[in-house]
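Report on the following structure.
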Amino acid sequence: MIHHLVLTLEQRPEVLERVLRVTRHRGFRVCDMRMSQQEDQCLLLDMAVDSDKAIELLSRQLDKLIDVTTCVVQGYQPIARTING
């Protein structure tokens, strides 16, 4: 399933690396990612991740990061999986 997360981040050089490291360690694959700078100098990260695991496993861990101000799960979208062979 593809899950959509919206994160508000502090603007620091290492923040994206931390978010991606936690995402990978929790077993999620990043499908799409868009980041923009807000007027208040915070970063807005819109991220789509794919995994059969519960999205709460990832969102709780991301919310614990010191540079993450908010982490909101926007929803999910099932994807069609094909078996080759």
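The first residue of the sequence shown is numbered 1, and numbering continues consecutively from there. The analysis underlying the following values was restricted to heavy atoms, covering all of them including side chains, and did not include hydrogens, waters or symmetry mates. This one's a predicted model, so the numbers in the text were calculated from it and none came from an experiment.
Residues Val73 and Leu65 share a hydrophobic cluster, clusters being chains of Ile/Leu/Val/Met/Phe/Trp/Tyr side chains in contact below 4.5 Å. Leu43 is connected to Leu20 through a chain of hydrophobic side-chain contacts under 4.5 Å among Ile, Leu, Val, Met, Phe, Trp and Tyr, so both are in one cluster.
Residues Leu45 and Leu16 meet the side-chain proximity criterion, which asks for heavy atoms closer than 4.5 Å. In this structure, Lys53 and Arg26 have side chains that are not in contact, with every pair of non-hydrogen atoms separated by 4.5 Å or more. Contact of the Leu5 side chain with the Val72 side chain is not registered, since no non-hydrogen atoms from C-beta on lie closer than 4.5 Å. Side-chain contact check for Met33 versus Met35: every heavy-atom pair is 4.5 Å or farther apart.
Scanning both residues, Val49 and Ile55, for their nearest heavy atoms gives CG2-CD1, 3.9 Å. For the residue pair Val15 and Glu10, the shortest heavy atom distance occurs at CG1-O, 3.6 Å. Taking every heavy atom of both residues into account, Gln74 and Val6 meet most closely at CG-CG2, 3.4 Å. Taking each heavy atom of Leu44 and Gln38 in turn, the nearest pair found is CB-NE2, 3.2 Å. Pairing each heavy atom of Phe28 with each of Ala54, the nearest pair is CZ-O, 3.5 Å.
A distance of 9.0 Å separates CG of Leu62 from CG of Leu9, quoted to the nearest 0.5 Å. From Gln61, atom CD reaches atom CZ of Arg18 across 14.5 Å, with rounding to the nearest 0.5 Å. To the nearest 0.5 Å, atoms SG (Cys42) and CG (Leu7) are separated by 12.0 Å. Interatomic distance, His3 NE2 to Ser51 OG, rounded to the nearest 0.5 Å: 6.5 Å.
At a cut-off of 3.5 Å, with distance as the only test, a side-chain donor of Thr8 or Thr70 sits close to an acceptor on the other residue.
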**OP:** Give the C-alpha distance, both sets of side-chain angles, the deciding distance and a yes or no for side chain to side chain contact (heavy atoms under 4.5 Å, CB included) between Val22 and Lys64.
**Re:** CA-CA 10 Å; Val22 168; Lys64 291 178 185 179; over 6 Å; no

Subject >> Step-by-step side chain to side chain contact (heavy atoms under 4.5 Å, CB included) determination, Met47 to Val19 >> reply: CA-CA 10 Å; Met47 186 167 63; Val19 168; 4.1 Å; yes

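For Arg12, the salt bridge (Lys or Arg N to Asp or Glu O under 4.0 Å) test picks out Asp67, with sequence neighbours left out. Applying the side chain to side chain contact (heavy atoms under 4.5 Å, CB included) criterion to Cys31, with sequence neighbours excluded, gives Ile2, Arg29, Ala48, Asp50. Every residue two or more places apart in sequence or in another chain was checked for a salt bridge (Lys or Arg N to Asp or Glu O under 4.0 Å) with Glu56, and none qualifies.
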